Student: 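Pasting in a structure now, in structure tokens, and then I'll have a few things to ask.
All figures in this text were calculated on a predicted structure; none of them were measured in a lab. Below, read A as the first sequence line, B as the second, and so on, with proteins coming before strands; counting in each chain starts at 1.
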There are 2 protein chains.
Amino acid sequence: METYRDSHNRALTDYPRPSVAVDTAVLTVPPGAALSVLLVRTGDEWRLPGTFLHEGERLADAVLRSLQTKAGVSGLSPRQLHVFDDPARDNRGWVLSVAHLDAVPWSRLSIDADLARVVPVTDVGALPYGHNEILDRAVATLRSSYASAPDPLHLLDGAFTLRQLQDLHEAVAGEPLMRDSFRRAMEPQLRTTGEVAAGTVGKPARLFEF
Amino acid sequence: METYRDSHNRALTDYPRPSVAVDTAVLTVPPGAALSVLLVRTGDEWRLPGTFLHEGERLADAVLRSLQTKAGVSGLSPRQLHVFDDPARDNRGWVLSVAHLDAVPWSRLSIDADLARVVPVTDVGALPYGHNEILDRAVATLRSSYASAPDPLHLLDGAFTLRQLQDLHEAVAGEPLMRDSFRRAMEPQLRTTGEVAAGTVGKPARLFEF
DNA sequence: CAAATAGTGTCTTTTAGACACTATTCG
DNA sequence: CGAATAGTGTCTAAAAGACACTATTTG
């Protein structure tokens, strides 16, 4: 491709450009636990995983690369949240950060406890680089997605019972949900597998899938 | 500030960086007309107004600068929609575009017909640079904001009657709304000025403000 | 069988939609 | 006064919440 020249005969690369980073709030629900977020260590500091955008790379691919490296997880579908653009935000220079949200089933996370940990979102303290705001937006976005659709970001892996789905939605919402309303809202959006769950006390529950 | 060096003794500016642009869907409702968008001319091509981000500039300030120049309008509150990052999107080089939405009262737009025009969103044809997708997102975002709150982006300028508010919301929604439900939803969120509108046929309507 | 959980039926309360009626202005 | 628009009251239909009852499993 021939280099573009503007009306001053300058290429785009003759003008100052910012570095662009991606930072991602990876949310998950450990078994029996509350909605949690993945933090990684750099030095003695815990932060959301992130990386700089490489040349010609898509933002989503940069997110996947950072998560593959730092949490051994792949095949996610990152969603953009917001661009943080305060020129003084990063002391390394002029850096735009594109915040992302991703959700991953607990079973697919493989983390090295020295480099990463998963913390309930209510227990996360102060994070550097304004990462608390990213986390807040991620949680709000996740909650609003889960308000009307069954597990839209696929935090459940295979087939599941209505009870498991409701437990998940309650963990995401951070509060108990009503059984009747939940059933009425979700059941029409699900397909039964024909199978039932076994090995539990009580009447076996039907299994569903998407 | 001392220049930051990474573990390879390189500054951030030693790595390739993209140019960053902002593009904005400016939405307005002309009197008695449908929801419309501001388009500007470059050469013989009509597109959404946009500009490149200057060094150290905030994204919102770049948006305001481009709108001041191209539509003579100031004092808006741009909202980020999405970052478009396809490396092949712009033939001038590697350009990230941060799409924005802004709403402006018709009365505050002063446009030069040779350089800009306002077109109903249903009549906009194919735009370059993937700007149709920005417009679609802008309209969807505006509609969802207007679903539950009275004129949240302040398309109305001063005091207004409930009928004027409903006309506005119908223009935004692109469909008629029910009088009873609209009233029940909006009236509790408004404050009356104590004044009534004059000069119209029929019982004078109360004026409201935010 | 008792305890536990799944699934269904039905009543009540709340909300949304429909519509009639009154109030106040202009021409 | 008649036409037009604003504002209120009330009936009905739909949705949400509450709760009781039946069904089927484990121990």
Student: Please list, chain by chain and in numerical order, all residues satisfying side-chain hydrogen bond (donor to acceptor under 3.5 Å, both in side chains) with B:Glu195, sequence neighbours excluded.
Tutor: none
Student: Which pairs count as salt bridge (charged side-chain N to carboxylate O under 4.0 Å, His left out) when at least one residue sits in residues 140-166 of chain A, sequence neighbours excluded?
Tutor: A:Arg163-A:Asp167
Student: Can you run down the ring pair (Phe, Tyr, Trp, His ring centres under 6.0 Å) pairs that involve residues 100-129 of chain B, sequence neighbours left out, and say none if there aren't any?
Tutor: B:Tyr129-B:His131
Student: According to ring pair (Phe, Tyr, Trp, His ring centres under 6.0 Å), does anything in residues 172-210 of chain A pair up with another residue at least two apart or in another chain? List the pairs.
Tutor: A:His154-A:Phe210, A:Phe160-A:Phe210, A:His169-A:Phe182
Student: Counting just side-chain N and O atoms, does B:Ser181 come under 4.0 Å of either OP1 or OP2 of C:dG17?
Tutor: yes
Student: Using a cut-off of under 3.5 Å, enumerate the N/O to N/O pairs linking the protein to nucleotides 6-10 of chain C.
Tutor:
| residue | atom | partner | partner atom | Å |
| --- | --- | --- | --- | --- |
| C:dA6 | O4' | A:Lys203 | O | 3.3 |
| C:dG7 | OP1 | A:Arg206 | N | 2.8 |
| C:dG7 | OP1 | A:Arg206 | NE | 3.0 |
| C:dG7 | OP2 | A:Arg183 | NH2 | 3.1 |
| C:dG7 | O5' | A:Arg183 | NH2 | 3.3 |
| C:dG7 | N7 | A:Arg179 | NH1 | 3.2 |
| C:dG7 | O6 | A:Arg179 | NH2 | 3.2 |

Student: What's the CE-P distance between B:Met178 and C:dG17, to the nearest Å?
Tutor: 4 Å
Student: Output side-chain donor-acceptor pairs under 3.5 Å for residues 29-45 of chain B, partner residues at least two apart or in another chain, one line each.
Tutor:
| residue | atom | partner | partner atom | Å |
| --- | --- | --- | --- | --- |
| B:Ser36 | OG | B:Ala34 | O | 2.8 |
| B:Arg41 | NE | B:Asp114 | O | 2.9 |
| B:Arg41 | NH2 | B:Asp114 | O | 3.3 |

